[in-house]
Structure formats: structure tokens, C-alpha cells
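Below: the structure, in C-alpha cells.
When reading the values below, keep in mind they use all heavy atoms of this one structure, side chains included, and skip hydrogens, waters and symmetry mates.
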Amino acid sequence: MRIYEGSPRQDFEEVFRSIGAFLDARGMRDILLLEVPDGFVVQGLVLSGGSSGTWSDTIGTVSKETLTFQDDDIAKFMEEAASRRGKEVAADLPSTGTHERALRVIGHWIDSQKPHDVFLFEQDGAYVVRLHIAGQATSHHTLAEFTKDDIQDLVAQGPALRASDKPAPASSGTPGADPGWGTTPG
């Protein structure tokens with residue numbers, strides 16, 4: 001991601017979490033996410049025009065929607081998400097959505113891989129990720145699959161991993177534990 005070039009860590013965890021929250025708010029499903037030089041392109045299915053009432057139920061129509069998120073859009077999403085964190089959630093606001101949770105844990109894993117390019121698609125809650133990883137002497141693609149169960153397991157591990165990512169007290173002189181997400185899941 002261009003907005004993070006030169007920084008010590010490409011923060012796919014936060015970027016994907018923010019994009020996921022936006023997609024949850026849109027009700028998007030079966031998403032495809034492609035990293036491009038100036039941001040991300042996302043496609044997904046959206047239900048529109050549906051309603052329900054006593055005399056009739058309208059299913060609505062499903063259409064494919066394509067969104068482009070520029071670096072500035074992503075920075076804005078991340079700022080908005082950070083400002084919401086730590087505040088009490090009002091009763092009328094939805095809790096963390098499916099894509100926000102899943103893309104956050106996948107983004108955390110992606111950060112450990114240090115890719116140069118990301119392609120991801122989701123179908124029925126399972127995700128396939130293709131990363132382009134380039135080093136000084138080699139360049140290759142890596143594929144990983146995250147099933148619904150993998151996502152649930154990673155989300156459940158989140159609180160313990162966040163606790164282990166915190167630096168240890170200064171007296172021990174040991175940094176926080178490695179979260180161990182550097183292997184290809186499922």
C-alpha cells in the first residue's frame with residue numbers, strides 16, 4: 001500500500017478492518033478485493049429494493065457493485081474507526097460485522113507475510129487470499145484459504161494475541177510474544 005511505504009509495518013489489519021466495516025454497512029457479500037497502486041478495488045453482491053410487510057414480501061434484486069477506495073478514502077475510514085473504538089456502542093448501532101472481523105484477522109496474517117500485492121475473494125464466509133511476495137532474489141505468489149471455522153478460531157484468539165502483542169514491563173526486558181500467525185492456515 002502506497003500510504004504505508006517506508007513505514008516499518010504495512011498495516012493490512014487496520015486497512016482491511018476499516019474496509020470490512022464499510023462493506024458490512026453496505027450489506028455486501030461474496031466480495032472480491034484487489035490491491036491497486038493507489039488503493040483497492042472491491043466488488044461484491046448487494047441486495048437492493050427488498051422490503052417486507054404484512055400483505056407482501058418483496059425479495060428485491062441482487063446486483064454486483066464495484067467500489068474503488070483511494071488511499072485518502074482508506075485513511076479516512078481508519079480515522080473514523082479509531083475514533084469509534086473505546087466508546088460505548090449505542091443500542092441502535094450495529095456491533096462489529098462479519099467482514100470487519102474476518103478481514104481484520106486475515107489482515108493480521110497478511111501483515112506477517114509482508115506482501116507487495118494482495119488479491120482476496122470471499123464466498124459464503126470463506127476467504128481465499130493470493131499474495132505476491134518479492135524479495136531481493138526471488139518473487140512468488142502464495143495462496144491461503146481461510147474457512148469459516150478458521151476465521152472463527154482466529155477471531156477467538158484475538159484478545160489473547162492482542163495481550164501478547166503488548167510490550168512486556170520494562171523490568172523484564174522482553175518484548176511481547178510473537179502471535180504465531182506466520183504460517184498458512186487451513
Side-chain angles (χ1 to χ4, degrees), residues 1 4 9-37 39-50 59-69 73-74 77-78 81 84-85 89 93-134 139-165 178-186:
M1 288 172 287
Y4 296 105
R9 177 173 181 244
Q10 291 182 333
D11 202 343
F12 283 99
E13 180 178 356
E14 282 302 314
V15 169
F16 279 19
R17 177 185 192 179
S18 300
I19 290 173
F22 182 87
L23 299 178
D24 287 333
R26 298 269 316 129
M28 197 171 273
R29 61 184 175 87
D30 293 343
I31 64 167
L32 179 143
L33 186 147
L34 173 67
E35 183 179 11
V36 294
F40 293 90
V41 174
V42 179
Q43 277 190 335
L45 301 178
V46 178
L47 177 65
S48 59
I59 295 173
T61 58
V62 175
S63 61
K64 184 182 285 187
E65 190 172 280
T66 303
L67 306 167
T68 302
F69 298 112
D73 299 325
I74 294 166
F77 291 161
M78 290 174 62
R84 284 191 306 266
R85 275 187 221 119
V89 178
L93 293 176
S95 61
T96 304
T98 305
H99 287 307
E100 182 176 359
R101 285 189 305 271
L103 292 177
R104 178 183 186 184
V105 297
I106 292 170
H108 183 87
W109 176 80
I110 290 172
D111 283 334
S112 72
Q113 304 302 302
K114 300 177 178 49
H116 287 267
D117 183 42
V118 176
F119 171 84
L120 171 146
F121 72 90
E122 173 261 340
Q123 187 168 0
D124 296 328
Y127 295 79
V128 174
V129 180
R130 184 195 75 198
L131 305 177
H132 177 235
I133 300 176
S139 174
H140 66 279
H141 284 99
T142 297
L143 289 176
E145 177 184 14
F146 296 85
T147 65
K148 284 182 181 182
D149 292 338
D150 293 334
I151 297 295
Q152 289 175 348
D153 290 346
L154 292 172
V155 169
Q157 293 172 20
L161 291 171
R162 281 189 295 281
S164 70
D165 281 343
D178 177 23
W181 286 11
T183 58
T184 303

For this session: Dump the intermediate steps for side-chain contact (heavy atoms from CB on, under 4.5 Å) on I106 and L154, then the final yes or no.
Result: CA-CA 9 Å; I106 292 170; L154 292 172; 5.7 Å; no

For this session: Under the side-chain contact (heavy atoms from CB on, under 4.5 Å) rule, what do L45 and K64 come out as? Steps first, then yes or no, please.
Result: CA-CA 5 Å; L45 301 178; K64 184 182 285 187; 4.2 Å; yes

For this session: Check the pair R130, V128 against side-chain contact (heavy atoms from CB on, under 4.5 Å), reporting the backbone distance first and the verdict last.
Result: CA-CA 7 Å; R130 184 195 75 198; V128 174; over 6 Å; no

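- When all heavy atoms of D24 and E100 are compared, the pair lying nearest together is OD2-N, 2.9 Å.
- Across every non-hydrogen atom of A144 and W109, the tightest pair is CB-CH2, 3.5 Å.
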For this session: Please test F22 against V42 for side-chain contact (heavy atoms from CB on, under 4.5 Å), starting from the C-alpha separation and ending with a verdict.
Result: CA-CA 11 Å; F22 182 87; V42 179; over 6 Å; no

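- Taken from CD in Q113 to NE2 in H108, the straight-line distance is 10.5 Å, to the nearest 0.5 Å.
- Once rounded to the nearest 0.5 Å, the distance linking CG of L131 with CD of E35 reads 9.5 Å.
- Between R29 and L47, the closest side-chain pair of non-hydrogen atoms is not below 4.5 Å.
- Here CG of L120 is found 10.0 Å from CG of L34. Values are rounded to the nearest 0.5 Å.
- Not one N or O on the side chain of H99 forms a donor-acceptor pair closer than 3.5 Å with the backbone of I31.
- Residue M78 holds its CE atom at 9.5 Å from CD1 of I19, rounded to the nearest 0.5 Å.
- For the residue pair F12 and D111, the shortest heavy atom distance occurs at N-OD1, 2.7 Å.
- Counting only heavy atoms from C-beta outward, the side chains of V118 and F16 approach each other to under 4.5 Å.
- Remark: F119 CZ to L33 CG distance equals 9.0 Å, nearest 0.5 Å.
- Side-chain atoms of E122 come within 3.5 Å of backbone N or O of D30 as a donor-acceptor pair.
- Here the shortest heavy-atom pairing between H116 and I133 reads CD2-C, 4.5 Å.
- Judged purely by atom type and a 3.5 angstrom limit, D153 has no side-chain atom pairing as donor or acceptor with the backbone of D150.
- Here the closest heavy-atom approach between residue M28 and residue V46 is recorded as CE-CG2, 3.8 Å.
- The aromatic rings of H141 and H132 sit tilted relative to each other, their planes meeting at an angle between 30° and 60°.
- The CG atom of L23 lies 7.0 Å from the CG atom of L67; values are rounded to the nearest 0.5 Å.
- Across all non-hydrogen atoms, the minimal contact from Y127 to T98 is OH-O, 4.5 Å.
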